[in-house]
Amino acid sequence: MREKFRQFMIGRYGTDGLNQFLSIASIVLLLISLLTRFSLFTWLGLVLLVLCYYRSLSRNISKRTEENYQYYALKDRVGRKFRGLKDQWANRKLYHYYRCPKCRQKLRVPRGRGRIQISCPRCGTQFIKKS
């Protein structure tokens with residue numbers, strides 16, 4: 001039986017990080033649907049599960065690899081955002097964080113210096129804020 005399954009999977013994509021995420025998300029949605037009795041979660045969970053199996057059994061390996069690459073790029077972007085917020089929260093007693101009014105660059109200035117003129121390193125805009 002194991003050999004038959006191995007023969008069946010030859011040339012197919014298999015699992016990757018996106019498939020793991022889809023399967024976990026589908027299980028969570030199905031559990032939520034059991035608790036809330038809301039059928040939308042059931043359908044969303046089933047759609048994600050079917051998509052997961054479709055990707056696993058697909059023979060278009062290059063397209064599935066590209067999808068997985070895009071998933072990891074998005075995951076890294078979101079992770080970077082949360083790490084930045086975590087660092088900002090940890091340093092909240094030492095620094096103030098402001099955004100440049102022109103280019104929206106995030107700037108960090110030390111606390112307790114009174115009213116200071118902040119100069120944006122990206123665009124050169126100068127503005128005054130309390131630190």
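Positions are given from 1, in the same order as the sequence printed here. Just so you know, these numbers come straight off a predicted model, no measurement behind them.
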First locate atom [atom1] of [X], then atom [atom2] of [Y], and finally report the distance between them rounded to the nearest 0.5 Å.
X      : Y      : atom1 : atom2 : result
Leu49  : Leu44  : CG    : CG    : 12.5 Å
Leu22  : Thr15  : CG    : OG1   : 11.5 Å
Thr125 : Ile118 : OG1   : CD1   : 12.0 Å
Asn19  : Leu51  : CG    : CG    : 7.5 Å
Asp76  : Tyr71  : CG    : OH    : 9.5 Å
Leu48  : Ile24  : CG    : CD1   : 12.0 Å

Answer yes or no: is there a donor N or O on one side and an acceptor on the other, between the side chain of [X] and the main chain of [Y], under 3.5 Å?
X      : Y      : value
Ser58  : Tyr54  : no
Arg55  : Arg64  : yes
Ser131 : Gly114 : yes

Residue pair [X] / [Y], side-chain heavy-atom distance below 4.5 Å:
X      : Y      : answer
Gln70  : Leu74  : no
Cys52  : Ser26  : no
Tyr13  : Thr65  : yes
Leu107 : Pro121 : yes
Leu18  : Glu67  : yes

Hey, what's the ring geometry for His96 with Tyr98, parallel, tilted or perpendicular (30° and 60° as the breaks)?
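It falls in the parallel class, under 30°.
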Should we count [atom1] of [X] as having more than 12 external heavy atoms under 6.0 Å?
X      : atom1 : result
Lys106 : NZ    : yes
Tyr53  : OH    : no
Tyr72  : OH    : yes

List the atom of Gln105, the atom of Cys120, and the distance in Å for their closest heavy-atom pair.
CB-SG, 4.1 Å
Val28 with Leu40, same ILVMFWY side-chain cluster at under 4.5 Å
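Yes, Val28 and Leu40 fall within the same hydrophobic cluster.
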Under the side-chain contact (heavy atoms from CB on, under 4.5 Å) test against Phe41, which residue among Ile32, Leu35, Leu30 passes?
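Only match with Phe41 under side-chain contact (heavy atoms from CB on, under 4.5 Å): Ile32.
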Cluster partners of Leu94, using ILVMFWY side-chain heavy atoms under 4.5 angstrom, listed by chain and number?
Tyr95, Tyr97
